[in-house]
Amino acid sequence: MRGGLSKTFAVLGAAGLLAVSACGNSDDGGGSGDTATKDVTVFTWWADGGEKAGLDGLVSVFKTDCKDYNFVNSAVAGGAGANAKQVLANDLQAGKPPSTFQAHAGAELKDYINAGQVDDVSGLYKDFGLDKAFPQNLIDQLTVDGKIYSIPANVHRANVVWTNPDVLKKASIDATKAPATVDAWIADLTKLKNAGVKAPLAVSKGFAQEMLVEAVLLGELGTDTFNGLWDGKTDWAGANVTAALNKYKTLLSFTNVDRESIDWSDALGYVNKGQAGYTLMGDWVAAQQLADKVPDSKYTYWPSPGSAGTFQFLADSFTLPTNGQNPEGTKCWLKTVGSAEGQKAFNTKKGSIPARSDANAADYPKYQQTAMADWKKDKIAGSCAHGSACSAGQNNDILSALSQFSGAQDVAKLQTAFGTAMKTS
Ligand code: GAL
């Protein structure tokens with residue numbers, strides 16, 4: 001675990017995790033906010049399904065522990081914050097921050113810090129005993145000049161493939177065994193197509209395609225070379241990247257034609273309904289299966305081909321926005337987020353594992369028990385799609401390149417666009 005975290009944040013650090021900036025202090029009177037309000041407006045993109053179930057878990061603890069305050073749900077629907085991030089950027093720009101908002105640990109958080117939009121919460125770590133609850137190396141890595149800017153709620157895994165064993169049976173494929181390589185996966189997809197499954201790999205728009213291409217790069221390049229793509233140590237122009245992107249192109253040929261118009265939960269629906277054999281998605285899928293009451297026997301999961309032994313991580317955290325409304329109420333929310341009870345209520349429903357080191361695996365569903373074990377022993381990779389490895393600006397450039405690629409399928413153009421995006425901050 002400790003080793004894993006060191007590696008995690010070596011990745012983040014290299015990508016420029018946290019930079020110093022002069023930030024305001026919400027203790028000074030609440031800025032533009034109405035200091036009398038009891039409302040704590042919580043901005044997320046966890047608007048429905050398993051994601052909302054996770055948020056509801058957190059809210060139930062907040063309602064017990066923070067009776068003086070009202071939870072106000074400011075969720076904006078759309079996977080990975082596809083719509084929420086723009087709404088939030090506009091609100092922050094207009095000087096109308098929510099009481100708190102979710103932000104990914106890593107480069108994405110750095111954007112908010114650099115813009116002076118979030119306050120230092122290191123004092124809260126002391127007040128709430130979080131410096132003891134989180135592993136010391138995690139705290140060290142989240143600390144810049146003695147300041148910490150958010151409280152992590154969880155750790156999610158990105159590099160997971162989810163299957164429908166009944167569909168795979170049509171081509172005599174064993175759903176419990178991960179193909180060892182991307183090529184082996186392509187061979188299985190071909191078998192499924194030949195067995196009459198038209199679009200065996202379900203994928204959705206935007207960030208889901210980004211996750212798929214990241215998974216291919218991770219599987220083909222290996223963990224260290226993959227991490228180097230985000231911290232400048234690996235050349236985006238290399239022949240190994242070209243070869244991986246060509247495999248990504250091949251994978252796209254097995255996907256549903258409506259991939260530009262559906263969200264990740266729709267793609268999962270195709271798998272659950274038997275229209276597809278696989279979807280690659282983060283482990284919020286486990287939460288969705290729980291919310292939809294899909295029995296454990298109806299799906300399997302494994303690390304994306306070629307990435308066994310690597311945990312591609314991201315972490316959701318909550319902030320104390322500069323000049324946000326009701327900073328005292330917000331601190332109570334942050335206390336709930338960091339608490340053992342809050343993390344349990346949230347993560348048992350959210351598909352993620354707790355950021356705290358004192359959780360009891362037996363309290364968690366089967367999927368999270370396997371994720372907890374892997375997190376302790378696996379190598380760690382970052383994720384651009386979920387903010388641990390690249391900034392919001394870089395991510396937006398990559399998303400638009402991928403959306404063009406979904407139509408034109410020009411590998412050389414995509415490869416150049418990746419390189420250019422990562423040279424721009
Ligand atoms: C990620 C977020 C996860 C989950 C996912 C899908 O960015 O960290 O918690 O919400 O998007 O919406």
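Position 1 is the first residue of the sequence; numbering continues from there.
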Rounding to 0.5 Å, atoms CD (Q343) and OG1 (T348) come to a distance of 11.0 Å

Pair F313-S383, side-chain contact (heavy atoms from CB on, under 4.5 Å): steps then yes or no: CA-CA 7 Å; F313 107 105; S383 151; over 6 Å; no

Considering residues, nucleotides and ligands other than D363, do more than 12 of their heavy atoms fall under 6.0 Å from its CG? yes

Spacing of L201 atom CG and Y278 atom OH [to the nearest 0.5 Å]: 9.0 Å

Under the side-chain contact (heavy atoms from CB on, under 4.5 Å) rule, what do C384 and E210 come out as? Steps first, then yes or no, please. CA-CA 8 Å; C384 177; E210 189 178 8; 3.5 Å; yes

Contact check, side chains of T319 and L109, non-hydrogen atoms, under 4.5 Å: yes

Residues which pass ring pair (Phe, Tyr, Trp, His ring centres under 6.0 Å) with H156, listed by chain and number, not counting sequence neighbours: W284

Can E108 and K85 be counted as an ion pair, charged N to O under 4.0 angstrom? yes

For Q93, look at atom CD and say whether over 12 heavy atoms of other residues, nucleotides or ligands are found less than 6.0 Å away. no

Kindly assign one of parallel, tilted or perpendicular to the pair F318 and W333, based on the angle between their ring planes and the thresholds 30° and 60°. perpendicular

Strictly by modelled atom types, are T223 and T310 linked by a side-chain donor-acceptor pair under 3.5 Å? yes

Given Y270, which of D258, T279, N164, V203 fulfils the side chain to side chain contact (heavy atoms under 4.5 Å, CB included) condition? D258

Hey, are K379 and D224 close enough for a salt bridge, meaning a charged N less than 4.0 Å from a carboxylate O? yes

With a 4.0 Å cut-off, would you call D374 and R157 a salt bridge? yes

Working to the nearest 0.5 angstrom, can you tell me the gap between M281 CE and S265 OG? 9.0 Å

S150 backbone acceptor or donor facing S317 side chain under 3.5 Å: no

Just by distance, no angles: are the side chains of T234 and T225 close enough, under 3.5 Å, to form a donor-acceptor pair? no

Decide, yes or no, whether a salt bridge links K169 with D174 under the criterion of side-chain N to carboxylate O below 4.0 Å. no

Side chains of S352 and N347: is there a donor and an acceptor less than 3.5 Å apart? yes

Quick one, F405 with Y248, criterion ring pair (Phe, Tyr, Trp, His ring centres under 6.0 Å). Give me CA distance, side-chain angles, the key distance, then yes/no. CA-CA 11 Å; F405 183 78; Y248 170 65; 5.7 Å; yes

Applying side-chain contact (heavy atoms from CB on, under 4.5 Å) to L251 and I186, what does each step give before you reach the verdict? CA-CA 7 Å; L251 284 181; I186 289 172; 3.7 Å; yes

Do the ring planes of Y299 and Y301 sit parallel (below 30°), tilted (30 to 60°) or perpendicular (above 60°)? tilted

Can you find a pair of side-chain heavy atoms, one from V294 and one from Q288, that are under 4.5 Å apart? no

Passes side chain to side chain donor-acceptor pair (under 3.5 Å), E260 versus S406? Steps please. CA-CA 8 Å; E260 285 302 306; S406 178; 2.9 Å; yes

Would you say N272 and Q289 are linked by a side-chain donor-acceptor pair, where the criterion is simply a distance under 3.5 Å? yes

T176 and T300: side-chain donor and acceptor closer than 3.5 Å? no

ring-ring contact (aromatic ring centres under 6.0 Å, His included) with F101: of W46, F43, Y112, only one passes, and it is Y112

Do you know the tightest heavy-atom contact between G277 and V167? CA-CG1, 3.7 Å

Report the C-alpha distance between S307 and N159 in whole Å, list the side-chain angles of each, state the deciding distance to 0.1 Å, and finish with yes or no for side chain to side chain donor-acceptor pair (under 3.5 Å). CA-CA 8 Å; S307 77; N159 60 323; 3.0 Å; yes

OG1 (T330) and NZ (K335) are apart, to the nearest 0.5 Å, by 14.5 Å

Ring pair (Phe, Tyr, Trp, His ring centres under 6.0 Å), that's the test. Do W230 and W236 meet it? Break it down for me. CA-CA 9 Å; W230 313 108; W236 274 101; 5.4 Å; yes

Is there side-chain contact between I262 and N256, with heavy atoms separated by less than 4.5 Å? yes

Result block: side-chain N/O donor-acceptor pairs under 3.5 angstrom for residues 192-200, not counting sequence neighbours:
residue, atom, partner, partner atom, Å
K193, NZ, S253, O, 3.2
N194, ND2, T190, O, 3.4

Are any non-hydrogen side-chain atoms of T336 and C66 less than 4.5 angstrom apart? yes

P354 side chain reached by M372 side chain, heavy atoms, under 4.5 Å: yes

One thing to verify: whether K344 and E341 come together as a salt bridge, which I'm taking to mean a side-chain N less than 4.0 angstrom from a carboxylate O. no

Is there a side chain to side chain donor-acceptor pair (under 3.5 Å) between D120 and S122? Walk through the geometry before answering. CA-CA 6 Å; D120 169 19; S122 41; 2.5 Å; yes

Would you call D183-K247 a salt bridge at under 4.0 Å N-O? yes

Between the side chain of T181 and the main-chain N/O of G306, is any donor-acceptor distance below 3.5 Å? no

Could you please spell out the steps behind the side-chain contact (heavy atoms from CB on, under 4.5 Å) verdict for F418 and I398? CA-CA 6 Å; F418 265 116; I398 287 170; 3.5 Å; yes

Taking side chain as C-beta onward, heavy atoms only, is W162 less than 4.5 Å from V271? no

Taking the inter-plane angle between the rings of F207 and H386 on a 0 to 90° scale, is it parallel (under 30°), tilted (30 to 60°) or perpendicular (over 60°)? perpendicular

Side-chain (R259) to main-chain (A202) donor-acceptor, under 3.5 angstrom: no

Worked verdict on T37 versus N326 for side chain to side chain donor-acceptor pair (under 3.5 Å): CA-CA 6 Å; T37 187; N326 192 3; 5.3 Å; no

At what distance, to the nearest 0.5 angstrom, does OG of S391 lie from CG of N114? 10.0 Å

I'd like to check D111 versus Q117 (side-chain heavy atoms, cut-off strictly below 4.5 Å). Are they in contact? no

Can you confirm whether E214 sits close enough to M211 that some side-chain heavy atom of one is under 4.5 Å from a side-chain heavy atom of the other? no

For the atom pair CG (L189) and CD1 (I173), what is the distance rounded to the nearest 0.5 Å? 7.5 Å

Which is it for W185 and F254 under the ring pair (Phe, Tyr, Trp, His ring centres under 6.0 Å) test, yes or no, and what are the steps along the way? CA-CA 11 Å; W185 195 22; F254 294 100; 9.1 Å; no

